Amino acid sequence: MLDHLGQTKRTHHCGALRTAHVGQTVTLMGWVNSYRDQGQLLFIHLRDREGITQIVFNESVNAELLAKAKQVRREFVIAITGECIARDEKNFNPVMATGEVEVAATEIKFLNDAQTPPFELENTLASEELRLKYRYLDLRRLEMQKNFRLRHKITLAVRDYLDSRGFFEIETPILTKSTPEGARDYLVPARTAPGKFYALPQSPQLFKQLLMIAGYDKYFQIARCFRDEDLRADRQPEFTQIDMEMSFVQPDDVFDIVEGMVCAVFQAAGHEVPARPFQRMPYNEAMNKYGSDKPDLRFGLEMQDLSEHFANGPFPVFADAVAKGGAVKALVVKGAATWSRKQYDEIGEHAKRHGAGGLAYIQVLENENKSALTKFLGADGITAINQAVGATVGDAVLMIGGDWETSCNALGQVRLEIARRENLTNEAENKLLWVVDFPMFEYHADDKRYYAKHHPFTSPIDDDINNLEGDLSKVRAKAYDLVFNGSELGGGSIRIHRSDVQAKIFKALGLSEAEAREKFGFFLDALSYGTPPHGGIALGVDRFAMLLAGAKSLRDVIAFPKVASGSDLMTDSPSEVDKKQLDELKIKTVEFS
RNA sequence: GGGGACGUGGGCUAGUUGGAGUGGCCGCAGCACUGUCAAUGCUGAGAUCGCGGGUUCAAGUCCCGUCGUUCCCGCCA
């Protein structure tokens with residue numbers, strides 16, 4: 001029943017035909033999107049990547065051909081040859097780009113049949129589980145094709161732009177060396193060195209720095225990266241970065257290049273191009289005002305600081321927090337005075353989930369201030385708070401006290417939750433900013449030591465280098481993040497190019513010289529052979545595509561993504577392997593109870 | 001490692017305080033139809049209510065466990 005393709009050649013895509021083509025003999029190939037059998041008349045909507053065209057078969061024109069065409073079913077792959085004809089005006093389909101024409105078939109070839117799809121490709125949206133199991137069918141959907149067209153445009157624009165600015169695209173190894181700290185590595189057993197392992201790169205960090213040492217000046221790569229950590233809607237274990245590095249630059253030079261590139265991408269994606277230069281905000285300001293190192297600036301609702309106000313005051317929880325070097329952060333929410341107890345409880349739960357001990361609040365009503373704090377502070381004390389934060393009738397004051405970072409973060413999360421609930425975000429607006437002056441180190445109470453907040457090759461700010469032997473929490477880094485609508489789009493830094501400074505950083509991180517040599521010996525050697533000052537950045541392509549596509553999950557812009565448990569539902573990986581494969585690798589598996 | 005949500009013919013879903021045959025829309029198959037385009041009309045097939053256990057006279061519904069998906073916390077230099 002199936003026909004051979006033979007020498008039949010496609011002349012047009014299914015989105016191509018217009019009235020200008022009327023009279024031409026055309027050949028289209030694609031999938032049967034739908035068909036309507038009307039007895040002596042049969043219509044097929046033929047679909048390919050570029051669109052849909054209506055094909056018509058008519059008994060009075062060719063009864064034999066109609067009979068053959070009636071065998072058609074959804075998703076069959078067919079080739080149609082016929083004449084492009086104009087439709088009568090009353091038969092125009094204004095929804096279709098090709099809706100003023102159709103193809104009067106003179107030949108139909110069945111190139112392949114198809115099982116009925118396990119879910120409907122149009123109309124209702126099947127569960128993601130099913131869509132991912134049959135991903136190749138899900139990807140046929142117009143919405144998905146739009147996303148991947150966009151993603152292609154993004155990477156194309158990046159390549160064009162960076163080429164025009166003198167960057168070389170250079171590949172770096174996928175099989176590489178495990179590095180301490182950072183995310184968990186994916187390991188690959190080395191058959192040729194039993195008991196030893198390669199690691200998949202968390203990023204090409206050291207390699208791009210080595211390329212600068214090698215004198216390549218400007219490098220980029222659209223690089224696959226791997227991190228063996230738990231997934232989220234915006235986190236996949238393998239993901240793609242636009243990885244860049246430049247020699248002889250300061251942060252401003254990086255910003256200039258990246259802003260140009262981001263604007264080129266917005267242009268290519270058909271979005272309004274953002275104004276330059278992008279806003280810059282120090283890390284401390286971002287945390288203090290927005291409770292996040294990736295603030296969403298599409299709405300206000302700025303946090304205020306009441307630490308001084310509560311210091312040595314009669315409310316023991318907050319006074320205590322301040323005495324221990326912590327902070328009390330406050331948020332004035334317009335119109336929230338009349339929220340129900342339930343609403344406050346829910347917001348309070350949200351705060352606790354993000355580390356707050358609790359949420360204190362004042363409801364500023366016409367005749368009274370309702371607050372659990374009144375019994376500590378008295379009516380005057382409450383009024384004083386309202387004045388300090390500028391709260392007026394109808395507002396609520398939400399407060400969280402504790403250590404500075406936890407309080408900022410928890411209230412920042414409350415800020416986002418309120419924005420979600422109250423619909424404060426203008427979705428049409430795009431807000432880009434640079435967060436700068438990150439701290440170099442962050443303290444982990446569990447391990448009682450400092451870790452590099454960005455990574456251990458990040459250069460401290462020149463003035464802070466002397467602090468490396470003092471208070472590490474005071475050392476700021478030449479690190480920066482690019483934030484897009486409250487998402488971290490990318491991050492980078494100016495790197496350390498001097499061996500003596502690199503040694504100091506390793507020492508500050510508690511890495512002995514022997515450990516540093518073992519893990520990074522090759523890199524320390526390289527630093528000593530004439531390393532130029534250099535720096536760079538990496539932007540998440542998947543996240544960029546997701547945000548520009550307006551998608552809710554990275555899975556919508558990755559062709560074959562993993563689900564939350566880390567498995568691929570289509571290939572059913574990860575999976576067991578043959579014993580023979582394990583033997584070759586000298587690997588034995590053991591049961592864990 | 002922890003918390004929340006969901007799981008009913010192929011798809012999406014309804015199913016009340018536990019109560020008679022699990023209902024609808026879409027898809028699928030067949031018939032009819034010369035202007036359809038979410039075609040229409042008629043007919044028909046299709047369900048271990050994720051799985052296992054428990055409570056009960058009676059469980060899709062309540063309880064426990066488990067599997068899968070999902071969102072979040074931890075984690076992600």
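Fair warning: this is a prediction, and the values are worked out from it, not measured in the lab. Values below: all heavy atoms of this structure, side chains included; hydrogens, waters and symmetry mates excluded. Every chain is numbered from 1 and lettered A, B, ... according to where its sequence line falls, protein lines coming before strand lines.
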Undergrad: Answer with base, sugar-phosphate or nothing: what part of the nucleic acid does A/Asn58 contact at a heavy-atom distance below 4.0 Å?
TA: base
Undergrad: Answer yes or no: side-chain N or O of A/Arg232 and base N or O of B/rG74 forming a donor-acceptor pair under 3.5 Å.
TA: yes
Undergrad: Looking at every heavy atom in both A/Val483 and A/Pro295, which two are closest together, and how far apart are they?
TA: CG1-O, 3.6 Å
Undergrad: Pick out the pairs of N or O atoms, protein on one side and nucleotides 8-14 of chain B on the other, that lie under 3.5 Å.
TA:
{"from": "B/rG10", "atom 1": "O2'", "to": "A/Pro118", "atom 2": "O", "distance (Å)": "2.4"}
{"from": "B/rG10", "atom 1": "N2", "to": "A/Glu120", "atom 2": "OE2", "distance (Å)": "3.2"}
{"from": "B/rC12", "atom 1": "OP1", "to": "A/Ser127", "atom 2": "N", "distance (Å)": "2.7"}

Undergrad: Pick base, sugar-phosphate or nothing for A/Glu102, based on heavy-atom distances below 4.0 Å to the nucleic acid.
TA: base
Undergrad: On RNA chain B, check which nucleotide each of A/Phe43 and A/Arg555 is closest to and give me the residue with the more 5' one.
TA: A/Phe43
Undergrad: List every contact pair, protein side and nucleotides 30-33 of chain B side both N or O, where the distance is under 3.5 Å.
TA:
{"from": "B/rG30", "atom 1": "OP2", "to": "A/Arg73", "atom 2": "NH2", "distance (Å)": "3.3"}
{"from": "B/rC33", "atom 1": "N3", "to": "A/Asp37", "atom 2": "O", "distance (Å)": "3.2"}
{"from": "B/rC33", "atom 1": "N4", "to": "A/Asp37", "atom 2": "O", "distance (Å)": "3.0"}
{"from": "B/rC33", "atom 1": "N4", "to": "A/Gly39", "atom 2": "N", "distance (Å)": "3.4"}

Undergrad: Enumerate the residues from residues 484-520 of chain A whose closest heavy atom to RNA chain B is under 4.0 Å, giving them by residue number; use none for an empty result.
TA: none
Undergrad: Rounding to an integer number of angstrom, what distance separates B/rG60 and B/rU13 when you compare their C1' atoms?
TA: 14 Å
Undergrad: Mapping A/Val95 and A/Leu41 onto RNA chain B by nearest heavy atom, which one lands closer to the 5' end?
TA: A/Leu41
Undergrad: How many angstroms lie between atom CG of A/Leu359 and atom CG of A/Leu398, to the nearest 0.5 angstrom?
TA: 5.0 Å
Undergrad: Can you see which heavy atom on A/Gln221 is nearest to which on A/Pro204, and at what distance?
TA: NE2-CG, 3.8 Å
